[in-house]
Amino acid sequence: MGLEERDAELHADGDNADQAWTVSVHAFSDLTYTSPIVFLYLLKECYIYGTCKATKKFRALQQQVHQALCNSPKPGPATFVVQCLYALPIFESYSEGFSHLIISALRRYLKAVTTSADSSEEKKITTRLFLDIVWGTVDHDEKIVVKMLEVFYITLADIETSIHRLKTQSELNSAKKFVEEYIFSLLEKQSYFSAVSLLEHFSIRQSGESFILQMIQNKQFKAAEKWATFMGKSMLCLLVQAYADRNMLKNAYETIKQNNLQQDFPDVYQKCKESLLKRLAEKACWDVAERKTHGDKQLLEYLVYLAMEAGYSEKVDELCDRYSLEGFLKPIEPEAGFLHNRFLHLKELSVEDIIWVDEVDGLCDATCHIEGCKVVGLDCEWKPNYEKGSKPNKVSIMQIASDKKAFVLDLIKLFKDVPDVLDNSLTRILQSPRILKLGYNFQCDIKQLAHSYGELKCFKHYEMLLDIQNVFREPRGGLSGLAQKILGAGLNKTRRNSNWEQRPLTPNQLEYAALDAVVLIHIFHHIGSHSQPTNLPEGNDKIEWKSYIVSHMGKPKKKYKKRTGFQKAKHSELKNH
């Protein structure tokens, strides 16, 4: 049956090997004489001895159960599963997980077969199980109930038949009323999604604005959308309007788009798309935002206004030229309303010069200057890649800044023209124990550098690196947020995702690149001074920054192979001798 391979994944080695084989053969290869309770016990043993992660373990066990259902359990696969569901509550903490597992396995099994020999019996026993769960005789979660009713296609007629068979019609008016009362109990517990799933399954239409609003008020958006979709266009329109009234534009946008309601809500839809563009612009995802316009002139003009508000003059010119947009004034300085901060400028930090380095002489001069510094700031940039599953683009530039100068290295050109000189220069800088290198999440950057330029040795080792992110552990706002707290002004990140492979870079791109490296030195001067500033982030009143300095010598890790039982015995024997 091919279970041997899964045994290796599901079971520990050594002493458990024999037990694993025993469980596989007797639990799953033939269920003709195996009772549900024994089957579940052995399934539990498989789970307990499993050594892989939960998701992988679940899938492997699901595959085993699926194969077991193909081996003629009596009185039939579906009925056998229902009998297991009756028994599962005694397994306590394993009950819910195993219930999902065996129902999922049965659903897969039923898709593979055209007919089910025990369909009449399975419906009868499944309906009875549903009644027992509702009455509290058998304990199962409502999610199991929903999945069970869907897999076995239990209808109101099946429930009606079961109720009459049990002669309880004096207690219940109808199957519909019985189901509605159960659904009402779920709503009281705020199990909205399960309740909506049952209403949809039994085609019980309960209209009413209050029901939708109640779900939205309790933030049960998926349940509200599922219910509105089932009820039809009028309820979907009510849902969209409720989202719009609460300024939940993202939810409104998705609902309108998925249900083709653009003509019903043109203003709301336009407002939603503008909100999406603004969110993307605030994240500096300008290329993505442009694609989201789909060439719509009104949206393109709004995107130009966003670029103007952000002070992104290159993007304004680029969009106006590409789409022949006219009538826009010169971009203004970014206002506080766009990113809610005042922004730092390079001139405030007393930087004398930004030096572009793309030739060997300039690289040698830059190396000599940097080797004379005690502290430098490091950063790098590359062109973003928005295609899912594709590799990131090669790092384009690397910024190395001192107090007064910022060098921007054209890595693409230098690597092409003088790879040996580039490797030697960066090795002297990155591996120098006399230069303190400052970065912000630079250990991630250096991995990208090593991936981009694998032939160079300089990115495989570094010494004396102080990652400012680790010193402050600032969770929100990144480097810009940290600069805002320490220096009183943030960084304008609108050009973060610009095209760093274009040549020449614009003056604004060069300033952005230089500023990211220079600001690290100014933040360091604050934390390295004896008089600590009063505006440090909470929990950082005293910073022992020296303890965060790291080095990486790039020694390969040894790989140890897992010993087999024979190897363990042999090792023990040699050790005793």
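The residues of the chain are indexed from 1 along the displayed sequence. Any value given below was found using the heavy atoms of this structure, including those in side chains, with hydrogens, waters and symmetry copies removed.
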Could you check E254 against K250 for salt bridge (Lys or Arg N to Asp or Glu O under 4.0 Å), going step by step and ending with a plain yes or no?
CA-CA 6 Å; E254 292 298 329; K250 185 176 180 181; over 6 Å; no

Using the side-chain contact (heavy atoms from CB on, under 4.5 Å) rule, take L505 and D410 through it: C-alpha gap first, then chi angles, then the decisive distance, then the call.
CA-CA 10 Å; L505 295 180; D410 186 348; over 6 Å; no

side-chain hydrogen bond (donor to acceptor under 3.5 Å, both in side chains) between Y243 and E225, intermediate numbers included:
CA-CA 11 Å; Y243 281 149; E225 289 159 12; 2.9 Å; yes

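With 3.5 Å as the limit, one finds no donor-acceptor pair spanning the side chains of D516 and Q399. For the residue pair Q443 / Y462, a side-chain donor-acceptor distance below 3.5 Å is found, with atom types taken as modelled. D158 and T155 share a side-chain donor-acceptor pair at under 3.5 Å. A donor and an acceptor atom, one from each side chain of N492 and T494, are located under 3.5 Å apart. A donor-acceptor contact under 3.5 angstrom links the side chains of D245 and Q241, judged on distance only. Side-chain polar atoms of Y253 and K271 form no donor-acceptor pair below 3.5 angstrom. Between the side chains of S498 and Q509, at least one donor N or O lies within less than 3.5 Å of an accepting N or O. Checking Y323 against E290 by side-chain atom types alone, a donor-acceptor pair falls below 3.5 Å.
Note on ring orientation: taking the six-membered ring where Trp is involved, the planes of Y192 and F211 are tilted (angle from 30° to 60°).
Looking at heavy atoms from C-beta onward, Y440 lies in side-chain contact with L482 at the 4.5 angstrom threshold. Using a 4.5 Å heavy-atom threshold, the side chains of V145 and F130 count as touching.
Note on E282 versus R279: no salt bridge recorded, every NZ/NE/NH1/NH2 to OD/OE distance being 4.0 Å or above. The pair K233-D264 meets the salt-bridge criterion, with a side-chain N (NZ, NE, NH1 or NH2) lying under 4.0 Å from an Asp/Glu carboxylate O.
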